Amino acid sequence: MAELPAASANAGIARPSVLSLAIKEKSALYAAYMPFLTNAGIFVPTNKTYRLGDEIYLILSLMDDQSKYPIAGKVAWITPAGANNNKAQGIGVHLPADDSGMRVRMRIEELLGAALGSSRATHTL
């Protein structure tokens, strides 16, 4: 039996998709934030097909904040094309329980402030 070259042996291992999301307004941040997940999450509009549990590497920019937040998360929500109520197609990325995830969650909640208690519709619920 022939042995596969090292490159071919690793070809079946999927690397996380890399997505970038720049949120420029507080209303857009409110609509994308998913506080109901264990470590919170962020909705990312995309036409690409994902499955629950897929690993995602997200580069997040928040409003006037000059920092870019790298997030290694997993798909926890999928809104398919043509969803009810004209919801945007995309995925919800569950923030990790590590320091990077906690830092992003704290920054988002700081930016949203009192808006967190709002009952306005979001991209998810």
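From a predicted model like this one, the values you see are computed outputs, not experimental measurements. All residue numbers in this chain count up from 1 along the given sequence.
Of all heavy-atom pairs spanning Ala115 and Lys26, the tightest one is CB-CE, 4.1 Å. Counting all heavy atoms, side chain and backbone alike, Ile108 lies closest to Tyr33 at CG2-CD1, 3.5 Å. Smallest separation of non-hydrogen atoms from Leu21 and Pro45: CD1-CD, 4.0 Å. In terms of heavy-atom proximity, Ala32 sits nearest to Ile23 at CB-CD1, 4.0 Å. In terms of heavy atoms, Met34 sits closest to Gly92 at SD-CA, 3.5 Å. Of all the heavy atoms in Gln89 and Ala81, the pair that sits closest is OE1-CB, 3.3 Å.
Lys68 pairs by the side-chain hydrogen bond (donor to acceptor under 3.5 Å, both in side chains) definition with Ser61, not counting sequence neighbours. Partners of Arg107 under the side-chain hydrogen bond (donor to acceptor under 3.5 Å, both in side chains) rule, at least two apart in sequence or in another chain, are Asp65, Glu110.
In this structure, CG on Asp98 lies 9.0 Å from CZ on Arg103, to the nearest 0.5 angstrom. For the atom pair CG of Leu52 and CG of Asp54, the computed distance is 8.0 Å after rounding to the nearest 0.5 Å.
Of the possible polar contacts, one joining the Thr46 side chain to the Lys48 backbone as a donor-acceptor pair under 3.5 Å is found. In terms of modelled atom types and a separation under 3.5 Å, the side chain of His94 and the main chain of Leu37 share no donor-acceptor contact.
Residues Phe43 and Ile91 fail the side-chain proximity criterion, which asks for heavy atoms closer than 4.5 Å. Looking at heavy atoms from C-beta onward, Thr79 lies in side-chain contact with Lys87 at the 4.5 angstrom threshold.
Cluster annotation: Val44 is not connected to Tyr57 through the hydrophobic network of ILVMFWY side chains, with a link wherever side-chain heavy atoms come within less than 4.5 Å. Neither Val93 nor Met106 shares a network with the other; the hydrophobic side chains, linked directly or stepwise wherever heavy atoms of I, L, V, M, F, W or Y lie under 4.5 Å apart, form separate groups for each. Residues Ile56 and Ile59 fall into different hydrophobic clusters, defined by Ile, Leu, Val, Met, Phe, Trp and Tyr side chains chained together at heavy-atom separations under 4.5 Å.
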Evaluate the side chain to side chain contact (heavy atoms under 4.5 Å, CB included) criterion for residues Leu60 and Val104: first the C-alpha distance (whole Å), next the side-chain angles of each, then the deciding distance (0.1 Å), finally the verdict. CA-CA 9 Å; Leu60 180 63; Val104 172; 3.9 Å; yes

Derivation of the side chain to side chain contact (heavy atoms under 4.5 Å, CB included) call for Trp77 and Tyr50: CA-CA 10 Å; Trp77 181 280; Tyr50 290 95; over 6 Å; no

Using side chain to side chain contact (heavy atoms under 4.5 Å, CB included), reason through Ile42 and Leu29 one step at a time and then give a plain yes or no. CA-CA 9 Å; Ile42 196 86; Leu29 180 58; 4.2 Å; yes

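The closest side-chain donor-acceptor pair between Glu25 and Tyr30, if any, does not fall under 3.5 angstrom.
Surrounding CE of Met63 are more than 12 heavy atoms belonging to other residues, nucleotides or ligands, all under 6.0 Å away.
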